[in-house]
Amino acid sequence: MHRSKEQPLHRSITSSRGTSPSQPSPSSPPAAGSSDFLQLNVADASPGGRSDWLARELRRAIADGRLPVGSRLPATRTLAADLRVSRGVVTEAYQRLTEDGQLAGRRRGGTVVVAAPVTVATPDTSTTATRPTTASSATGTTTPRTPPYPSAPAAPVPPHPFTAPPGPEIFDELRAAPARIDLSPGVPDLAAFPRAAWLRAERAVLADLPAAGMGYGDPRGTPALRQAVAHWLARNRGIRVDPDEVLIVAGTSQALGLIAQVLHRDGDPAIAVEDPGSLGVRQHLQYWQVATPPIPVDDDGLCVDALRASGARAVLLTPAHQFPTGVVLGGHRRRELMRWASAGGLIVEDDYDAEHRYDRAPVPALRSLLPDQVCYVGTVSKLLAPALRVGWLLASSRYRKALADAKRFADLGNSALPQLVLARLMESGELERRLRLLRRRHRSRRDAMIAAIDAHLPGATVHGAAAGLHLTITFDQNGTAPSDTDLAGAALAHGVKVHPLSWHRQRPGRPGLVLGYAARTPGDITEGMALLAEALTVRP
C-alpha cells in the first residue's frame, strides 16, 4: 500500500435536467458517509482526524473479535467511496495498522488481519503498550485481547506455548502464535522460492509428459528424480549411489517414520539420539514406539563411548552440522563411530542442511565413507520449501527392500509431478545457482544476527555460526539466569518467536535459545535481538 495525500472526494450525480436535489452540488463539501463494514459512520470522526478515527475503529474491531485473524478488509477505493472520504484517509489508516503488524497486504488477496493486539506492561511505568501478538494457549487456540483504551483495564497476558512441557502439537501451536518477528529455527527464506523457474520447469514437464505418466508409478519415486538425486549427491556431498538405491520420501519426517517401523519390526525398539538434539525428530521416533536414549554431545560431536555404553544398536545423528549446537563430528569421533558401526551398529545420518556452509570446508557425509552401515536422509525443505514434502532416503543394503515396501504401503509413492519438476531443476543447474544465491544472503543475515547479539545480549555465548540456518545462544547458569522457557515466553509477548534450548534436551543443561535467521531480513533480525534483550530485562 502507498501513502497518498488526503484529497476531498466530490461525488455528484447529474441528469440532463441539472444537479439532483438529493446530492451535493460540485461546489458543496461531501456529505458524511457510512459503510456496512463495521457499521462505520464518518460523522463520528473529527474533521481533521479521519485517518486517526478509522485506524482506531479498526484496532477496536480486531481486538474485540469482529475482525479475527485472517479477515479480509475492503479495498481502499471501495471503503473510501462508502465513507465519502478521500482514498488517502483509508490508505493512511491501513498503513498505520500494517506498520503495527496487525494488517498485511496480500496483493491480489487484498489487505488481511494477521495479528491481534495483546497488552504488555512497559518496563519502567505502570502504563501498558499494545503489541500485535496473540499468544497461543496450550490447546492451540487464540483469544483476542482488548487494547488499553483509557476506559478499559489492561488485560492479562494469556498463557503461551512454553508454559507446559511440549506435546505432540507444540510446533503447530507455536506456528499459530502471532509474532512480529519469527526467528524459529528450521525455516528457510520462503519468500525466495524460485516461482518463475518452477513454473517454467512445470510447463516443460507437462508439455513432455505422456498420458501414461499421469498413472500410478514406482512407489520408490520417479526414475527422473532418483537419477537427479544421485547426480546431486555425487556433486555436492561426495556420495556415489546408483539411482535404484534412492528412495523418494515425503521429507525427513517420513523417512524417520519408515526407519522406525522397520527397525521396530526387526527387533530394535530403540534409536539413540544426540542430546541436545531435535525435539521434532524425537517426537517422530517416539510416535512409532521407538525409545530415544540420549547420547551427550560435546564440542567434537556425539560421544561414541556413551553410545557404546547405552547398548543401542542404532543411532541417529547430524554429523555435518549438529542440531542445535552446530558442532561438526570430529575426525577421531568419526573413526570411533565407524568402528562401532562395523561391529553391527546402524547409523541414521540426517543431512538436513549440510549445503548451507559459510566459513569452513565441506564435511564429507558418513554415507560416503561407510555405505553399508548408514541410512542417509536428505531433503529440499531447507533449500526450497518444506511445503514440497520431498526428500530422499539411501538405505543400507540390509534394510533397502524393507524400507521400499514400507513406503509402498504408506502411500504408493509421492506425487509424480513435483518430482519431475524438481528433477528438471536439479539437472538444469538451477538448484546450484539458487544455493549460491542463498549462501550469500544467509551469510549476511547470520552476520547481522551475530552483530545484534553482541550489541544487545553481550552475556550470551553463540554456537554453530559456521554453517546452517540457525544460531544457538546459551546463558551462564549463575543463579540469576531465567529458565529458557520463561525467556521464550517473554520474547513472544514482545513479538519475537524463538525456541527454548531445553525443548531439545532430554537431560539438564545450560539455558539457551535457538534462533533462525534465514527467513528474516537483517533489519528484522536486529530489531528482534533488541526486543529479545528487552524481554530478558523485564521478564517476570
Side-chain angles (χ1 to χ4, degrees), residues 217-234 236-273 278 281 284-285 287-290 292 307 312-320 334 337-338 340-352 354 364-381 389-414 419 422-423 426:
D218 190 330
R220 296 175 300 169
T222 64
L225 182 57
R226 289 158 63 198
Q227 178 172 291
V229 168
H231 293 166
W232 172 269
L233 293 175
N236 294 283
R237 298 298 294 128
I239 298 174
R240 303 178 73 175
V241 62
D242 189 276
D244 278 346
E245 299 175 32
V246 177
L247 179 65
I248 302 301
V249 292
T252 300
S253 59
Q254 186 181 49
L256 296 179
L258 297 177
I259 292 169
Q261 294 173 65
V262 167
L263 291 184
H264 197 278
R265 286 198 296 264
D266 200 44
D268 288 330
I271 300 177
V273 296
S278 168
V281 164
H284 278 288
L285 296 177
Y287 175 80
W288 294 106
Q289 300 180 337
V290 170
T292 56
L307 174 61
R313 297 168 57 189
V315 62
L316 188 151
L317 69 164
T318 51
R334 285 175 172 252
L337 186 64
M338 283 188 260
W340 172 85
S342 297
L346 176 70
I347 299 169
V348 180
E349 180 177 15
D350 181 1
D351 208 26
Y352 70 103
L366 294 177
R367 170 76 188 204
S368 67
L369 306 173
L370 197 66
D372 283 341
Q373 299 302 131
V374 176
C375 287
Y376 176 93
V377 181
T379 177
V380 293
S381 291
R389 308 310 307 138
V390 178
W392 43 85
L393 169 58
L394 312 183
S396 64
S397 56
R398 176 182 175 184
Y399 295 107
R400 190 169 300 140
K401 184 179 186 308
L403 287 167
D405 288 344
K407 172 62 177 176
R408 178 192 310 276
F409 292 109
D411 55 17
L412 293 181
N414 283 31
Q419 291 185 61
L422 179 57
M426 283 179 151

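Because the structure is predicted, anything quoted here is derived from the model rather than measured. Just the heavy atoms: all of them, side chains too, but no hydrogens, waters or symmetry mates, feed the values below.
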| field | side-chain contact (heavy atoms from CB on, under 4.5 Å) evaluation trace for Ser396 with Val374 | value | CA-CA 6 Å; Ser396 64; Val374 176; over 6 Å; no
Hits for side-chain hydrogen bond (donor to acceptor under 3.5 Å, both in side chains) against Ser368, two or more places apart or cross-chain, chain-then-number order -> none
When Leu316, Asp268, Ile271, Val273 are each screened for side chain to side chain contact (heavy atoms under 4.5 Å, CB included) with Val290, the one that passes is Ile271
Rounded to the nearest 0.5 Å, the CH2 atom of Trp340 sits from the CZ atom of Arg313 at a distance of 10.0 Å
Closest heavy-atom pair, Ala272 versus Leu307, reported as atoms and distance to 0.1 Å, is CB-CD1, 3.8 Å
Using the side-chain contact (heavy atoms from CB on, under 4.5 Å) rule, take Arg226 and Arg220 through it: C-alpha gap first, then chi angles, then the decisive distance, then the call.
CA-CA 8 Å; Arg226 289 158 63 198; Arg220 296 175 300 169; 3.1 Å; yes
Side chain Arg367, main chain Tyr376, donor-acceptor under 3.5 Å: no
Mark yes or no for whether Asn236, through its side chain, and Trp232, through its backbone, hold a donor-acceptor pair below 3.5 Å. yes
One should read off an interatomic distance between Thr318 OG1 and Tyr352 OH, to the nearest 0.5 angstrom, of 5.5 Å
| request: Would you sort out whether Leu403 and Val249 count as a side-chain contact (heavy atoms from CB on, under 4.5 Å), showing the intermediate values? | output: CA-CA 10 Å; Leu403 287 167; Val249 292; over 6 Å; no
Scanning both residues in full, the closest heavy-atom pair of Leu247 with Pro219 reads CD1-O, 4.4 Å
The side-chain hydrogen bond (donor to acceptor under 3.5 Å, both in side chains) partners of Thr379 (sequence neighbours excluded) come to Ser381
Are the side chains of Met426 and Val229 in touch, meaning some heavy atoms are under 4.5 Å apart? yes
When rounded to the nearest 0.5 Å, the distance separating CG of Leu225 from CG of Asp218 is 11.5 Å
Separation between CD1 (Ile259) and NE2 (His284), nearest 0.5 Å, reads 12.5 Å
Checking Ile347, Ile239, Asp351 against Leu366 for side chain to side chain contact (heavy atoms under 4.5 Å, CB included), the one that qualifies is Ile347
What one should report as the nearest heavy-atom pair of Arg237 and Ala320 is NH2-CB, 4.1 Å
Only one of Arg240, Arg400, Lys401 passes salt bridge (Lys or Arg N to Asp or Glu O under 4.0 Å) with Glu245, and that residue is Arg400
Exercise. State whether the side chain of Gln373 and the backbone N or O of Ala341 hold a donor-acceptor pair below 3.5 Å, judged by distance alone.
Key: yes
message = Any non-hydrogen side-chain atom of Val348 less than 4.5 Å from a side-chain atom of Val315?
response = no
Indicate yes or no for a side-chain donor-acceptor contact from Gln419 to the backbone of Thr222 under 3.5 Å, with no hydrogens or angles considered. yes
Checklist line | 4.5 Å side-chain heavy-atom contact, Leu370 and Ser342 | finding: yes
*Mark yes or no for whether Gln261, through its side chain, and Gly257, through its backbone, hold a donor-acceptor pair below 3.5 Å.*
yes
- Query: Hey, does Asp411 have a side-chain heavy atom less than 4.5 Å from the side chain of Gln254?
  - Reply: yes
Taking every heavy atom of Arg334 against every heavy atom of Pro364, the minimum-distance pair comes out as NH1-O, 2.9 Å
Q. Counting N and O atoms only, with roles assigned by atom type, does the side chain of Asn414 sit under 3.5 Å from a partner on the main chain of Arg389, one being a donor and the other an acceptor?
A. yes
- prompt: Taking it one step at a time, do Thr252 and Leu393 satisfy side-chain contact (heavy atoms from CB on, under 4.5 Å)?
  reply: CA-CA 8 Å; Thr252 300; Leu393 169 58; over 6 Å; no
Residues pairing under salt bridge (charged side-chain N to carboxylate O under 4.0 Å, His left out) where one sits in residues 253-265, two or more places apart or in two chains, turn out to be none
- request: Step by step, work out the salt bridge (Lys or Arg N to Asp or Glu O under 4.0 Å) result for Asp372 and Arg398.
  value: CA-CA 8 Å; Asp372 283 341; Arg398 176 182 175 184; over 6 Å; no
One should read off an interatomic distance between Cys375 SG and Leu263 CG, to the nearest 0.5 angstrom, of 7.0 Å
